[in-house]
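Only this structure's heavy atoms are used, side chains among them; waters, hydrogens and symmetry mates stay out.
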Amino acid sequence: MGLAGAQRARALLLRAILEHDVEAGGRALADALQHVGDDPALRARILLGTSSYHFYRDDFPASVTTARQALAAAEEDGDPALLATALAMVADRAELARHAEPALLERATALANVSGLLPGYPSLGEARGRRLLRVGDIDGARRSLEPELHAALRSGAAADRYRLRRDLAAVELYAGNWPRARRQVDDGWEFVDDGAGAWAEAEMLERQAHLAALSGDVDDARRVAAQGIACSEELHWPHLAAQNRWVLGFLELSRDEPEQAWNALEDVAQTAAWGRLEVLAAVADTAEALVALGRLEAANGLVTATLDDEARKGHRWAAAGAARCRALILTAQGDAARAVAEADRAAEGFAALGCRLDTGRARLAAGTALRRAGERRRAAEKLEAAKAIFSELGANLWTERAAKELRRASPRPRHDRELTPAERQVAAVVAAGRTNKEVAAQLYTTVATVEAHLTRIYRKLGIRSRTELARQVADGTLSLDD
């Protein structure tokens, strides 16, 4: 006879914990709830797992509902570690929904300080670091996550070490510290190689593809992202599969291929942001691709509906991202002055957050706006600043884009200062010491023609006499070899 009642529920909960397929794990938890009976602690644990699985499937409202149901069951049971874990999860979901409930987090902290949290759940410091990363507070996220990693290394908790390295890799990706991000990814792969399973592999593939795209390793980025998509789809993990596609979209945008970028980013418009940085970054890239394709109304609608909305809720990265996108839209509309103001505001916002690549992209937007408006000197200053950032980071594709814009911004040769072939002949003979009459005789022309040529030669070269002309030829300042 098979297991029944609470025993069956516990077995199904364990199966879900060990499951590598999001849909299968969700089904196991749904089945477990049907057999849990009147055990509130078991019900709370199953509901906590269910909330996480809903989150993986990008069903945020269901995740919120089940987290609150888990909290109600944990309150009924009274176990302090279980209650602290449920309180922390509900507080996290409330923060994501922009309806923060600090009292819940305070209760969770007080309980966790005495009794800890359930095994397998992130510490409060780790959860805080993840929240800060979501809103783009790069330095704050690093300050929260690094001590937690040191503690995990001391305790030997393999799963904790992996999660923290995964999140710190993302921190350094956005910060532009890509060698440090690579070290975190490499150390994370050790956990995968030790048998952590397909979930960890899928996450590491996304980080690795992102690093390759940032560095401009086109073939490697495409290959690894394709592996990440395949692995995520095999796990039925839609959000992670989407993240890998967004990496490809960023890569194509870096290559200045907006149509291919749009093909990879098209689903972003249907993705709920919930303040998540990876979604907002993809939204900004999607808007940039739409602007490049001339779809300004669609780009503006996406910025307004997502980035501006998150900015109003206090998301600082979203505010800077919205400003950069508006700069691109205004440039396309020919409003250079407002475009530069928005791009400068974006650059300041990104710099304050510690996001160096995004700062460079904002400088590039400002330089492009000025270049199109014909303000070449100011454009070159902005573009040089952008190129310096990209070069220092090792963002090769963006360095090429900035260099291309710089070439476009370079002043065109002053053709009005170039001597014509006839003027060069006159200048050569005059510089050799001949009089106007001798020059006219040698070149089979009239003295009046020689005098007219000399007048134009002096004006173009900025000189006043035959002596200055002869000196420039003698010292090599002026070459008349042709």
Side-chain angles (χ1 to χ4, degrees), residues 138 169-186 188-189 203-229 242-265 268 277-278 281-289 291-293 321 324-325 328 343 346-347 350-351 354-368 371 382-409:
I138 304 302
V171 167
E172 304 305 349
L173 281 170
Y174 286 106
N177 298 321
W178 299 337
R180 293 175 67 176
R182 284 191 182 89
R183 288 195 292 272
Q184 298 291 2
V185 169
D186 289 344
W189 272 114
E203 290 182 310
M204 282 297 101
L205 284 169
E206 188 275 337
R207 300 293 193 270
Q208 188 174 323
H210 200 166
L211 272 170
L214 288 165
S215 302
D217 297 330
V218 176
D219 292 339
D220 195 43
R222 287 173 174 163
R223 176 182 60 81
V224 178
Q227 292 176 349
I229 291 169
Q243 281 185 252
N244 278 281
R245 288 195 297 274
W246 301 342
V247 167
L248 292 176
F250 166 78
L251 175 68
E252 297 304 332
L253 198 61
S254 305
R255 296 179 60 242
D256 203 12
E257 295 288 348
E259 187 167 354
Q260 294 182 45
W262 167 249
N263 291 337
L265 293 164
V268 172
L277 181 55
E278 74 274 11
V283 166
D285 287 344
T286 305
E288 184 165 342
V291 171
L293 294 171
R324 187 179 71 203
C325 291
L328 298 171
F350 286 133
C355 299
R356 290 194 287 164
L357 179 69
D358 289 310
T359 302
R361 289 175 66 179
R363 297 292 185 209
L364 176 61
T368 300
R371 195 267 303 169
K382 301 286 188 184
L383 294 169
E384 287 285 6
K387 184 182 174 184
I389 293 172
F390 299 147
S391 180
E392 182 183 354
L393 289 173
N396 298 324
L397 296 175
W398 288 97
T399 303
E400 291 173 12
R401 287 191 61 175
K404 184 178 180 180
E405 280 296 313
L406 264 171
R407 289 193 295 272
R408 290 171 173 170

So CD of E288 and CG of L293: to nearest 0.5 Å the spacing works out to 11.0 Å
Counting C-beta onward and ignoring hydrogens, is there a side-chain heavy-atom pair between R401 and E405 closer than 4.5 Å? no
Between D220 and R223 (salt bridge meaning N to carboxylate O under 4.0 Å), is one present in this structure? yes
Test side chain to side chain contact (heavy atoms under 4.5 Å, CB included) on V224 and V247; report intermediate values, then the result. CA-CA 10 Å; V224 178; V247 167; over 6 Å; no
Which heavy atom of G360 sits nearest to which heavy atom of A386, and what is that distance? O-CB, 3.5 Å
Drop me the distance from L251's CG to L397's CG, to the nearest 0.5 angstrom. 6.5 Å
Over all heavy atoms of both residues, which pair between A365 and L328 is shortest? Give the atoms and the distance, please. CB-CD2, 3.9 Å
Measuring from R407:CZ to R371:CZ, what's the distance to the nearest 0.5 Å? 11.5 Å
Closest heavy-atom pair and its distance - S391, T399: N-OG1, 3.4 Å
Looking only at heavy atoms, which two atoms of F350 and R324 are closest? And how far apart? CE1-NH1, 3.7 Å
When you compare the side chain of D285 with that of V268, does any pair of heavy atoms fall below 4.5 Å? no
To the nearest 0.5 angstrom, please state how far the CG atom of L406 sits from the CG atom of L383. 4.5 Å
Tell me, with the steps shown, if N263 and E252 meet side chain to side chain contact (heavy atoms under 4.5 Å, CB included). CA-CA 10 Å; N263 291 337; E252 297 304 332; over 6 Å; no
Parallel, tilted or perpendicular: ring planes of Y174 versus H210, cut at 30 and 60 degrees: perpendicular
Between R183 and E172, does any NZ, NE, NH1 or NH2 come within less than 4.0 Å of an OD or OE carboxylate oxygen? no
Does W178 use its side chain to pair, donor to acceptor, with the backbone of L173 at less than 3.5 Å? yes
CG (N396) and CG (D217) are apart, to the nearest 0.5 Å, by 7.5 Å
Would a 4.5 Å heavy-atom cut-off, applied to side chains only, mark Q243 and E203 as touching? no
For a 4.5 angstrom cut-off between non-hydrogen side-chain atoms, does F250 reach L214? yes
Ignoring hydrogens, what is the shortest heavy-atom contact between Q227 and L205? Give both atom names and the distance. OE1-CD2, 3.5 Å
To the nearest 0.5 Å, what is the distance between CG on L364 and CZ on F390? 5.0 Å
Under the side chain to side chain contact (heavy atoms under 4.5 Å, CB included) criterion, do R356 and N177 qualify, and how do the steps go? CA-CA 9 Å; R356 290 194 287 164; N177 298 321; 3.3 Å; yes
Do E384 and K387 sit within salt-bridge range, that is, some charged N less than 4.0 Å from a carboxylate O? no
When every non-hydrogen atom of A261 is compared with those of A289, the smallest separation belongs to CB-CB, 4.2 Å
